[in-house]
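Report on the following structure.
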Amino acid sequence: MDKTYDPHAIEQRWYETWEKQGHFAPAGTGPAYCIMIPPPNVTGSLHMGHAFQDTIMDALVRYHRMKGDKTLWQAGTDHAGIATQMVVERMLNAEGKTRHDLGRERFIERVWEWKAHSGGTITRQLRHMGASLDWSRERFTMDEGLSAAVQEVFVRLHEEGLIYRGQRLVNWDPVLLTAVSDLEVENHEETGHLWHMRYPRSDGKGHVVVATTRPETMLGDTAVAVHPEDERYRELIGQTVELPLTGRTIPVIADDYVDPEFGTGCVKITPAHDFNDYAVGQRHELPLLNIFTPDARINENGPEAYRGLDRYAARERIVADLESQGLLEKIDPHKLMVPRGDRTHQVVEPYLTDQWFVRAKPLAEEAIKVVEDGRIRFVPDNWAKTYFQWMHNIEDWCISRQIWWGHRIPAWYDEEGKVYVARSEAEARAANGLPADLALRQDEDVLDTWFSSALWPFSTLGWPEPTAELKTFYPTSVLVTGFDIIFFWVARMIMMGCKFMGDVPFHEVYIHGLVRDAHGQKMSKSKGNILDPLDLINGIDLERLLEKRTSGLMQPQMKARIEKLTRKEFPDGIPAFGTDALRFTFAALATTGRDINFDLGRVEGYRNFCNKLWNAARYVLMNTEGQDCGTGADAEELEFSVADRWIASRLQRTEQAVAAAIESYRLDLAAQAIYEFTWNEYCDWYLELSKPVLSDDSSTAAQLRGTRRTLVGVLEALLRLAHPMMPFITEEIWQRVAPLAGKSGQTIMLQPFPRPQAEKIDPGAEAEMRWVMDFILGVRRIRGEMNIAPGRPLEALLENASADDLERARRFEPWLRFLARTPSIAPVNGEAPESAIALVGEMRVLIPMAGLIDKQAELARLDKELGRLRKELERGEAKLTNANFVERAPADVVEKERARVAEMRSSLGNLESQRGKIAAL
RNA sequence: GGGUGCUUAGCUCAGCUGGGAGAGCGUCGCCCUUACAAGGCGAAUGUCGGGGGUUCAAGUCCCUCAGCACCCACCA
């Protein structure tokens with residue numbers, strides 16, 4: 001093995017091997033385990049959120065695969081209607097064309113071409129992450145099969161009246177020229193104005209003042225509303241006012257909706273351009289007057305003077321005209337919530353159009369029930385509340401989009417506009433007895449992307465065909481996703497799954513947090529704080545990083561700032577950490593229910609951890625390859641030392657902790673347990689303790705075998721334990737180590753996940769090791785604090801040692817000599833010389849100070865220790881003299897406290913007498 | 001307006017069903033010791049956001065206040 005860990009030398013070739021050998025396909029004989037990947041946009045490339053999410057899923061999947069479960073991680077991508085169409089349109093624009101120049105057919109061809117050309121980016125990147133997805137089953141939401149599922153669902157829902165078409169006020173993106181759903185609208189507070197406008201009373205008795213944030217919509221007003229109880233305006237109700245600039249007369253109505261406290265207490269009502277006003281209009285049977293064209297210009301319903309003007313140009317003109325007519329009372333600054341499309345970031349308009357809707361309430365009922373009764377469990381469970389809150393207030397879902405890229409709505413119209421919903425035109429004709437010569441044209445619209453996503457858990461498995469895969473893997477085991485798409489996706493999958501499969505789509509929903517930068521800022525292009533997971537894996541130099549962060553900025557003025565920040569944070573660019581280090585970092589940060597702040601320091605730390613593991617393996621191999629590791633030996637030919645039994649015991653506890661952590665979705669705890677065991681126990685202690693055994697000529701063959709077998713055996717198990725989180729390095733090392741441990745197999749991927757064996761837990765060995773460690777740590781502390789070079793041999797004298805202590809000192813002498821550098825260990829003979837002291841239980845280990853240790857320094861050290869001990873002891877004693885504690889606390893707690901106090905008393909006595917001796921010198 | 005989460009060492013965070021405050025990074029010493037300087041050994045650092053309550057015992061449970069973040073919602 002190379003002296004230094006180099007992730008690049010090992011990672012990608014293992015992935016190719018695994019994929020080629022078909023190791024990602026379901027093979028286990030145990031229970032089915034299935035995760036559906038949240039299909040990334042086919043246009044997309046991997047970002048930190050994906051990398052985090054995929055690490056979690058891959059760890060779970062690899063864990064279950066190793067456990068022997070029949071494990072499927074379903075691969076696939078999403079056609080991402082609007083997002084993809086926008087990308088391709090942008091390319092066309094660059095060529096000076098629009099999609100209309102091409103026409104629908106050719107445009108769609110163009111999108112497919114583009115998908116074929118660059119649609120593989122994200123799946124390549126997923127492979128780079130080591131994601132063990134079953135690529136042989138890869139699906140795309142616009143595949144034939146999945147499209148058939150979409151049609152089937154649409155038709156069936158329509159038959160049941162759960163899909164309907166109707167004219168409604170919807171959110172309209174005037175740039176994309178399509179409707180979008182409520183969820184695709186982002187509301188943010190922006191600063192604007194509140195215009196107070198005067199509407200003259202028809203009776204000539206002055207005017208009423210209405211306040212609005214959108215003066216241009218006055219052209220569509222069909223009433224003015226006041227609160228029915230509002231004394232100020234009571235006499236106005238039922239009268240009319242003259243709508244300025246239009247020559248129209250509109251009524252004053254009374255409605256509870258009006259808040260008398262706000263503005264003037266008079267509200268202009270524009271039923272065709274405001275959701276509230278629409279509702280008011282319905283109640284009062286007001287006419288709907290649409291004044292906008294689809295791209296938000298004033299249409300023919302507006303006065304001649306304003307026609308063709310963009311909404312904002314119209315606003316200016318109208319305000320100016322009102323002003324000049326003395327009809328503008330005042331303009332106040334005002335903060336308001338502005339709705340913008342999540343793709344275009346343009347202000348969306350409530351707009352009256354014909355659209356298709358899913359009747360959500362009936363579907364939501366069952367979807368609520370399955371979470372209530374625990375058939376679906378959210379992890380962490382507080383997300384269930386969020387889910388319920390939305391589901392209980394769910395509105396109908398607008399599913400039609402006026403774009404071209406997507407699933408065409410399976411509905412046909414005859415010349416009279418009568419609609420026929422069917423799986424195909426032929427079926428539409430057959431089912432309705434339409435003659436072949438009757439012209440039918442298919443609905444131009446496509447479905448919301450999330451409509452097909454909602455079917456993902458069963459459409460990918462072959463539905464509506466009753467496939468074996470459906471039978472095996474549905475319901476799937478767990479869905480791993482971010483909270484941001486609980487409504488978009490999770491809720492809709494649950495509704496559709498329950499409806500069409502008669503069962504939940506998954507048993508658990510693991511909701512992870514958002515990946516933020518090191519300081520908790522959201523990562524965004526405009527902030528210039530984006531990290532690309534691939535750059536963390538492969539490294540990137542400063543120049544290329546700057547180029548990436550500053551090119552294509554929406555706000556070029558940010559460039560200098562971003563550049564400065566980047567130079568400061570990454571003066572040398574980003575080193576290549578490798579996939580395993582990145583994955584382990586994500587795992588270690590994966591606490592549930594909380595956003596994670598991604599700190600590069602953590603990656604570096606875990607890269608070092610990989611290096612540590614690598615070097616530990618090198619040590620093990622150097623000492624075992626070509627040697628007798630006792631794998632074939634009988635029990636009597638193997639002798640296990642206390643250290644051997646100790647590390648085996650610790651391994652069992654670690655295995656137990658890791659499995660429990662993974663089962664409860666606490667990858668952070670699993671990572672921590674692996675890290676601590678590997679570094680603090682296996683490397684820091686066990687490998688060190690193995691050295692004197694292996695290098696001592698007097699070690700017996702049985703002892704050598706026992707040590708080698710333990711070295712190799714623990715490492716081999718550790719590799720399997722860590723594999724779900726660090727697949728590459730563990731595979732690379734395992735290939736070398738496994739044969740030495742008597743294991744065989746093509747890959748670590750399919751080896752059994754370590755199962756703790758209770759009989760290997762050895763409290764006796766753990767206690768003896770505690771003694772050894774206390775001895776060594778005590779001497780080391782003296783060295784450290786007295787600035788004695790680590791290599792300098794020290795004489796150690798034992799005082800107040802029991803027979804047990806003396807026996808241990810003898811038995812463990814090689815370890816103590818090696819790790820504490822104490823070539824001579826002997827009981828005190830007669831008067832003890834002036835010494836520094838370390839306590840091992842009741843025994844005092846004395847290090848003679850002669851020529852080495854300064855008296856004052858040792859006194860200071862003792863005083864510090866004494867101070868700490870006295871404080872602790874005081875607290876413990878206070879507890880024990882408290883009758884309430886002794887009577888009410890559980891017996892074992894009291895007992896533990898007693899033992900602790902006794903131990904502290906003894907230590908205190910020991911140290912005090914030692915201090916006395918030294919002080920007296 | 002409704003809801004959720006967070007506040008623990010300089011920084012980023014663990015702390016599970018209440019019983020001796022932890023990790024990583026950073027900092028400070030001593031070491032290139034024959035797996036690893038991407039390392040070894042040792043050290044320092046916290047009125048666990050404030051206040052109140054329950055309890056023998058509270059970082060942990062309850063109430064309250066403050067600050068931060070996010071989600072949902074039609075106030076013109």
Side-chain angles (χ1 to χ4, degrees), chain A residues 1 3-5 187 194 210-214 217 225 257-259 261-270 274-279 334 336-337 350 380 382-383 385-386 389-390 393 483-484 486-487 513-514 518-520 522 575 581 588-589 591 593-602 604-623 660-661 664 666 668-669 672 675-676 683-684 687-688 691 695 777 780-791 818-819 821 872 875-876 879 882-890 892-894 896-897 900 904:
Chain A
M1 281 172 75
K3 184 167 176 181
T4 318
Y5 163 64
N187 291 293
L194 196 56
V210 296
T212 181
T213 55
R214 300 209 53 198
T217 62
Y257 156 67
V258 181
D259 175 2
E261 306 294 319
F262 188 91
T264 60
C266 287
V267 190
K268 62 191 274 307
I269 300 296
T270 322
D274 182 285
F275 289 101
N276 291 315
D277 293 5
Y278 182 83
H334 184 67
L336 71 160
M337 299 297 273
N382 55 291
W383 287 109
K385 268 194 184 175
T386 306
Q389 205 183 335
W390 189 67
N393 299 297
F483 59 85
D484 48 331
I486 291 178
F487 307 143
L514 204 68
H519 310 290
K522 219 167 175 170
L589 291 172
T591 58
R594 188 174 169 144
D595 288 352
I596 63 171
N597 292 358
F598 193 87
D599 184 354
L600 217 58
R602 294 288 289 258
E604 192 179 341
Y606 293 122
R607 188 269 320 264
N608 295 354
F609 176 64
C610 291
N611 188 49
K612 189 76 180 174
L613 181 60
W614 183 262
N615 281 296
R618 280 182 59 227
Y619 169 80
V620 171
L621 289 170
M622 281 163 77
N623 286 288
S664 57
R666 291 300 305 268
D668 58 325
L669 299 181
Q672 198 184 338
Y675 184 98
E676 283 173 0
C683 290
D684 285 352
L687 295 192
E688 294 306 319
K691 288 174 184 175
S695 63
L777 288 171
R780 277 179 182 169
R781 198 168 299 132
I782 292 170
R783 263 181 210 284
E785 289 175 34
M786 298 300 148
N787 280 347
I788 302 170
F818 183 70
L819 290 178
R821 300 276 162 194
E872 267 303 297
R875 275 171 58 181
K879 257 187 175 179
N882 180 348
N884 278 325
F885 172 72
V886 179
E887 281 161 27
R888 301 201 194 180
D892 59 320
V893 172
V894 177
K896 208 173 133 196
E897 194 63 24
R900 206 167 74 90
M904 286 192 290

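Order of the sequence lines fixes the chain letters, A, B, ..., with proteins taken first and strands second; residue numbering starts at 1 for each chain. Because only heavy atoms are used, hydrogens play no part in the values below, and waters and symmetry mates are left out as well, while side chains stay in.
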Nearest heavy-atom approach of A:F818 to A:E688 is CE2-O, 3.6 Å

Measure the acute angle between the ring planes of A:W383 and A:F483, then classify it against the limits of 30° and 60° as parallel, tilted or perpendicular. parallel

ask   = Contact class for A:S695 (heavy atom, under 4.0 Å): base, sugar-phosphate, or nothing?
value = nothing

Out of B:A37, B:A76, B:A43, minimum distance to the side chain of A:E785 belongs to B:A43

Problem - Touch class at under 4.0 angstrom, heavy-atom based, for A:D595 against every strand present - result: nothing

* Side-chain-base donor-acceptor pair under 3.5 Å for A:K522 and B:A69 -> no

query = For A:D259, which contact category applies under a 4.0 Å heavy-atom criterion: base, sugar-phosphate, or nothing?
reply = base

With a 4.5 Å limit on heavy-atom distance, are the side chains of A:D277 and A:Y257 in contact?
yes

* To do: Would you verify whether the NZ or CZ of A:K691 falls within 45 degrees of the ring axis of A:Y619 while also being under 6.0 Å from that six-membered ring's centre?
  => yes

Testing B:A35, B:C36, B:U34 for proximity to the side chain of A:L687, the answer is B:A35

Out of B:U4, B:A35, B:A76, minimum distance to the side chain of A:K385 belongs to B:U4

For the P atoms, the ones on B:A57 and on B:G22, what distance do you get once it is rounded to whole angstrom? 23 Å

Answer with base, sugar-phosphate or nothing: what part of the nucleic acid does A:T386 contact at a heavy-atom distance below 4.0 Å? nothing

Between CG of A:N608 and P of B:G40 the distance, given in whole Å, is 9 Å

Rounded to whole Å, the CH2-C1' distance (A:W383 to B:G5) equals 8 Å

If you take atom types as modelled and just measure distance, does the side chain of A:R780 reach the base of B:G42 with a donor-acceptor pair under 3.5 Å?
no

When rounded to whole Å, the CD1 to P distance for the pair A:I788 and B:U33 reads 19 Å

Margin query: For the backbone of A:P575 and the side chain of A:R607, can you confirm whether one donor and one acceptor N or O come within less than 3.5 Å of each other?
Written below: no

- request: Give a yes or no on whether a donor-acceptor pair under 3.5 Å exists between the nucleobase atoms of B:A73, that is its base, and the side chain of A:Q389.
  value: no

(message) By the 4.0 Å heavy-atom rule, please label A:E688 as base, sugar-phosphate, or nothing.
(response) base

*Determine the interatomic distance between P on B:U55 and the same-named atom on B:G18; round to the nearest Å.*
16 Å

Out of B:G19, B:C74, B:C75, minimum distance to the side chain of A:F262 belongs to B:C75

Note: A:A616 and A:L687 closest approach over all heavy atoms is CB-CD1, 3.8 Å

Requested in this report: Assign A:R607 to base, sugar-phosphate, or nothing according to its heavy-atom contacts below 4.0 angstrom with the strands shown.
Outcome: base

Q: Could you check whether A:G513 gets within reach of a base, just the sugar-phosphate, or nothing at all, counting any heavy atom under 4.0 Å?
A: nothing

Inter-nucleotide P distance (B:U17, B:U7), Å rounded:
15 Å

**OP:** Have a look at A:K612 and say if it touches a base, only the backbone sugar-phosphate, or nothing, with a 4.0 Å heavy-atom cut-off.
**Re:** base

One should read off an interatomic distance between A:R900 CZ and A:R875 CZ, to the nearest 0.5 angstrom, of 7.5 Å

Reckon A:K896 has a side-chain N or O less than 4.0 Å from the OP1 or OP2 of B:G19? no

Between CZ of A:R875 and P of B:A21 the distance, given in whole Å, is 5 Å

Requested in this report: Quote, to the nearest angstrom, the C1' distance that separates B:G10 from B:G51.
Outcome: 27 Å

Does A:M337 reach a base, just sugar-phosphate, or nothing at all? Heavy atoms under 4.0 Å. base

Sorted by position of nearest nucleotide on RNA chain B, 5' first, the leading residue of A:L669 and A:T264 is A:L669

Between OH of A:Y606 and P of B:U12 the distance, given in whole Å, is 16 Å

Separation of B:A35 atom C1' from A:R618 atom CZ, nearest Å, is 5 Å

Closest to the side chain of A:C683, out of B:A35, B:A38, B:G40, is B:A35

Euclidean distance for P, B:G46 against B:A23 (whole angstrom):
14 Å

Whole-Å distance, A:H519 NE2 to B:G10 P, equals 17 Å

So, OP1 or OP2 of B:C13: does either fall under 4.0 Å of a side-chain N or O from A:N597? yes

With a 4.0 Å cut-off on heavy atoms, is A:R594 in touch with a base, just the backbone sugar-phosphate, or nothing at all? sugar-phosphate

Output for pair (A:R602 CZ, A:L589 CG), nearest 0.5 Å, gives 5.0 Å

**OP:** Return no unless some side-chain N or O of A:R783 is found under 4.0 Å from OP1 or OP2 of B:G29.
**Re:** no

**Prompt:** Would you say A:L819 and A:R780 make side-chain contact, with heavy atoms under 4.5 Å?
**Reply:** yes

Separation of B:C70 atom C1' from A:I596 atom CD1, nearest Å, is 16 Å

- Message: For A:W390 and A:F487, take the angle between the two ring planes, folded into 0 to 90°, and tell me which bin it lands in: parallel under 30, tilted 30 to 60, perpendicular over 60.
- Response: parallel

- request: Could you tell me whether A:A211 contacts a base, only the sugar-phosphate backbone, or nothing, with contacts defined as non-hydrogen atoms closer than 4.0 Å?
  value: base

* Whole-Å C1' distance, B:C13 and B:C6 -> 12 Å

What's A:F487 touching, base or sugar-phosphate or nothing? Going by heavy atoms closer than 4.0 Å. sugar-phosphate

Open item on the list: Over all strands shown, is A:E887 touching base, sugar-phosphate only, or nothing at heavy-atom distances under 4.0 angstrom?
Closed with: nothing

5'-most contact on RNA chain B (nearest-nucleotide basis), A:G791 vs A:L589, goes to A:L589

| field | 4.5 Å side-chain heavy-atom contact, A:K268 and A:T217 | value | yes

Regarding the side chain of A:R602, the nearest nucleotide among B:A14, B:G24, B:C74 is B:G24

Using the P atom as the reference point in each nucleotide, state the distance between B:G50 and B:U8 in Å, no decimals.
-> 10 Å

Given Watson-Crick and G-U pairs under 3.5 Å, RNA chain B in dot-bracket ([ ] crossing, | other strand) is (((((((..((((.....[..)))).(((((.......))))).....(((((..]....))))))))))))....

- Considering only atom P, compute the distance from B:C68 to B:A73 and round it to an integer number of Å. 24 Å

What is the nucleic acid contact for A:K691, judged by heavy atoms within less than 4.0 Å: base, sugar-phosphate only, or nothing?
base

So CG of A:N615 and CG of A:L621: to nearest 0.5 Å the spacing works out to 11.0 Å

Phosphate contact (B:A43 OP1 or OP2) by A:R781 side-chain N/O below 4.0 Å: yes

| request: Check whether any side-chain nitrogen or oxygen of A:T591 sits under 4.0 Å from OP1 or OP2 of B:A14, and answer yes or no. | output: yes

Considering only heavy side-chain atoms of A:Y5, the closest of B:A38, B:U34, B:G19 is B:A38

